[in-house]
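Since we're looking at a predicted model, the values are computed, not measured. The residues of the chain are indexed from 1 along the displayed sequence.
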Amino acid sequence: IIKSFSKLEKLKRLNLFSGMHFKDAEKKLIKKLENYKRVEKEAIKAWKVVQLSRHEDRPQTLDYIKGIFDEFIELSGDRLDSDDKSIITGLGKMNGKTIAIVGHIKGKNIKERVKHNFGMGSPQGFRKSQRIMDLADRFGFPVITFIDTGGAYPGIEAEDDGQASAIANSILKMFKLKVPTISILIGEGGSGGALALAIGNYILMLENSTYSVISPEGCAAILWKDPTGTKLAARALKINSKDLYRLGVIDKIVHEPLGGAQNDSKRMVKILKKNINIALKKLEGVPGAELKAKRAEKFEKIGYFKNSASDK
């Protein structure tokens, strides 16, 4: 755009073009420039949300479990292979009622992150989740999932162990549950690793969380083969809470303390606990068959758009 303006100014000074008007060309260039500025501003804003969703001091699943639930008992292992440390499962008490809990764990320092594989779930983790969900369905416990992952673990060993089928079966299991299910996006919600735990009757999303089929970095690499397009990809993907609420992908935005959840973790835990209580009350007493049907209906609606009269 800047080069085009420069060329236009040079043309104006040439005697050959004296007397000619360039107003239309200037208007078009100005309009393009304003559009580029708007897109750049939106891209920077979208990228800030991505950065906040990944902030190392942001409250994680264990922080919420400790602050919200009483008498939490962890249940480990998938009963087939081993225990995946990137996903925690167990039973906790809330207001005297038993709740089944599943959530990603990223870790807060290098040692923890390596131990928990940076929150990237393996087939063993998703099978463990299904085992806890089966238990919840059998005894009538509501299921609450905390989602915070860049995506499922993409290693060859995970593929050999059946990563794709483990994710698919986890999604199918959540659709079949006849108990209330609440899914909460507390940080990153990346690809199938997030979706495997996000089939909820009610989906909460923290204000500065993200939820997307791919990371902005991955999108920029595939589409443009250029890492400088990462911010533009973040904007185009519509991964923030406001866009996803408008599109009907989530049910409620949970507002964070000023500047982000990392600025006041204790307050963030209290805010989320209040919202979970509200969500549980909404689903309390709803028959199992109705919960299952409404969950399916909710996801069937995602992605459908009505054409306006002018589009016909």
side-chain contact (heavy atoms from CB on, under 4.5 Å) between Lys93 and Phe72, intermediate numbers included: CA-CA 7 Å; Lys93 289 275 189 181; Phe72 176 74; over 6 Å; no
Run the numbers on Asp63 and Lys108 for salt bridge (charged side-chain N to carboxylate O under 4.0 Å, His left out), then give the verdict. CA-CA 11 Å; Asp63 297 309; Lys108 294 192 174 183; 2.6 Å; yes
Candidate pair Ile68 and Met94, rule side-chain contact (heavy atoms from CB on, under 4.5 Å), full reasoning: CA-CA 7 Å; Ile68 294 172; Met94 187 176 184; 3.9 Å; yes
Could you check Val102 against Phe126 for side-chain contact (heavy atoms from CB on, under 4.5 Å), going step by step and ending with a plain yes or no? CA-CA 10 Å; Val102 180; Phe126 296 119; over 6 Å; no
Under the side-chain contact (heavy atoms from CB on, under 4.5 Å) criterion, do Ile199 and Thr181 qualify, and how do the steps go? CA-CA 8 Å; Ile199 310 300; Thr181 59; over 6 Å; no
Salt bridge (charged side-chain N to carboxylate O under 4.0 Å, His left out) between Glu207 and Lys252, worked out: CA-CA 9 Å; Glu207 183 181 1; Lys252 187 174 182 182; over 6 Å; no
Just do the salt bridge (charged side-chain N to carboxylate O under 4.0 Å, His left out) check on Lys106 and Glu188 with the steps written out, would you? CA-CA 10 Å; Lys106 278 186 173 181; Glu188 283 188 282; 2.7 Å; yes
Check the pair Ser53, Asn208 against side chain to side chain donor-acceptor pair (under 3.5 Å), reporting the backbone distance first and the verdict last. CA-CA 6 Å; Ser53 74; Asn208 294 308; over 6 Å; no
What's the verdict on salt bridge (charged side-chain N to carboxylate O under 4.0 Å, His left out) for Asp243 and Arg246, showing C-alpha distance, side-chain angles and the deciding distance? CA-CA 5 Å; Asp243 285 329; Arg246 191 176 67 252; 3.0 Å; yes
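Of the charged side-chain nitrogens involved, at least one lies within less than 4.0 Å of a carboxylate oxygen, so that Lys298 and Asp251 count as a salt-bridged pair. Ion pairing of Glu42 with Lys231 is absent here, as no side-chain N (NZ or NE/NH1/NH2) approaches a carboxylate O to less than 4.0 Å. Using a 4.0 Å cut-off between charged nitrogen and carboxylate oxygen, Lys128 and Asp78 do not count as a salt-bridge pair.
Summarising the geometry, atom CD1 belonging to Ile87 is positioned 11.5 Å from atom CG belonging to Asp148; distances are rounded to the nearest 0.5 Å. Rounding to the nearest 0.5 Å gives a distance of 11.0 Å between NZ of Lys111 and NE2 of His116. Of the inter-residue distances, the one linking Ile65 atom CD1 with Ile99 atom CD1 reads 12.0 Å to the nearest 0.5 angstrom.
There is no path of hydrophobic side-chain contacts, each under 4.5 Å, that joins Ile203 to Ile276. The cluster map of Ile, Leu, Val, Met, Phe, Trp and Tyr, joined by side-chain heavy atoms under 4.5 Å apart, puts Phe69 and Ile186 in the same cluster. Taking hydrophobic clusters as Ile, Leu, Val, Met, Phe, Trp and Tyr residues chained together by side-chain heavy-atom distances below 4.5 Å, Phe146 does not share a cluster with Leu135. Cluster annotation: Tyr202 is connected to Leu291 through the hydrophobic network of ILVMFWY side chains, with a link wherever side-chain heavy atoms come within less than 4.5 Å. Taken together through direct or relayed side-chain contacts under 4.5 Å among Ile, Leu, Val, Met, Phe, Trp and Tyr, Val50 and Leu206 form parts of separate hydrophobic clusters.
Under the 3.5 Å distance criterion, the side-chain polar atoms of Glu217 are left unmatched by any main-chain donor or acceptor of Ile214. Asn263 places a side-chain N or O within donor-acceptor distance of the main-chain N or O of Leu258, the cut-off being under 3.5 Å. Judged purely by atom type and a 3.5 angstrom limit, Arg79 has no side-chain atom pairing as donor or acceptor with the backbone of Arg127. The main-chain N or O of Ile239 is never found under 3.5 Å from a side-chain atom of Ser212 such that the two would form a donor-acceptor pair. At distances below 3.5 Å, at least one donor-acceptor pair connects side-chain atoms of Gln163 with backbone N or O atoms of Tyr153. Without hydrogens or angle criteria, Asp264 side chain to Pro257 main chain gives no donor-acceptor distance under 3.5 Å. A distance-only check finds no donor-acceptor pair linking the side chain of Ser191 to the backbone of Gly193 [under 3.5 Å]. Between the side chain of Arg235 and the main chain of Lys45, no donor-acceptor pair closer than 3.5 Å is present. A donor-acceptor contact shorter than 3.5 Å is absent between the side chain of Gln262 and the backbone of Asp57. Checking side-chain atoms of Asn117 against main-chain N and O of Gly119 turns up no donor-acceptor pair under 3.5 Å.
With contacts defined as side-chain heavy-atom distances shorter than 4.5 Å, the pair Tyr211/Leu195 qualifies. Counting only heavy atoms from C-beta outward, the side chains of Ile184 and Leu272 approach each other to under 4.5 Å. Between Met268 and Ile271 there is a side-chain heavy-atom pair separated by less than 4.5 Å. Under the 4.5 Å side-chain criterion, counting only non-hydrogen atoms from C-beta, Lys85 is not in contact with Ile105. Residues Gln60 and His104 are not in side-chain contact: their nearest non-hydrogen atoms beyond the backbone lie 4.5 Å or more apart. The side-chain heavy atoms of Pro142 and Val179, taken from C-beta on, include no pair separated by under 4.5 Å. Looking only at side-chain heavy atoms (C-beta outward), Leu244 and Leu185 stay at 4.5 Å or farther from each other. Residues Phe141 and Leu91 have side chains in contact (heavy-atom distance under 4.5 Å, counting atoms from C-beta outward).
Counting all heavy atoms, side chain and backbone alike, Gly121 lies closest to Ser86 at CA-OG, 3.2 Å. What you find for Pro216 and Thr230 is that their closest heavy atoms are CB-O, 3.5 Å. In terms of heavy atoms, Ile132 sits closest to Ala100 at CG2-CB, 4.1 Å. The minimum heavy-atom distance between Pro59 and Ser265, with the atom names listed, is CG-OG, 3.6 Å. Nearest heavy atom pair, residue Gly259 against residue Leu52, reads O-CD2, 3.6 Å. The two residues Lys173 and Asp134 make their nearest non-hydrogen contact at NZ-OD1, 2.6 Å.
Inspection of the Gln124 and Asp83 side chains reveals no N or O donor paired with an N or O acceptor under 3.5 Å. Judged by distance alone, the side chains of Ser183 and Thr145 do bring a donor and an acceptor atom under 3.5 Å apart.
Ring geometry for Phe175 versus Phe299: interplanar angle over 60°, hence perpendicular rather than tilted (30 to 60°).
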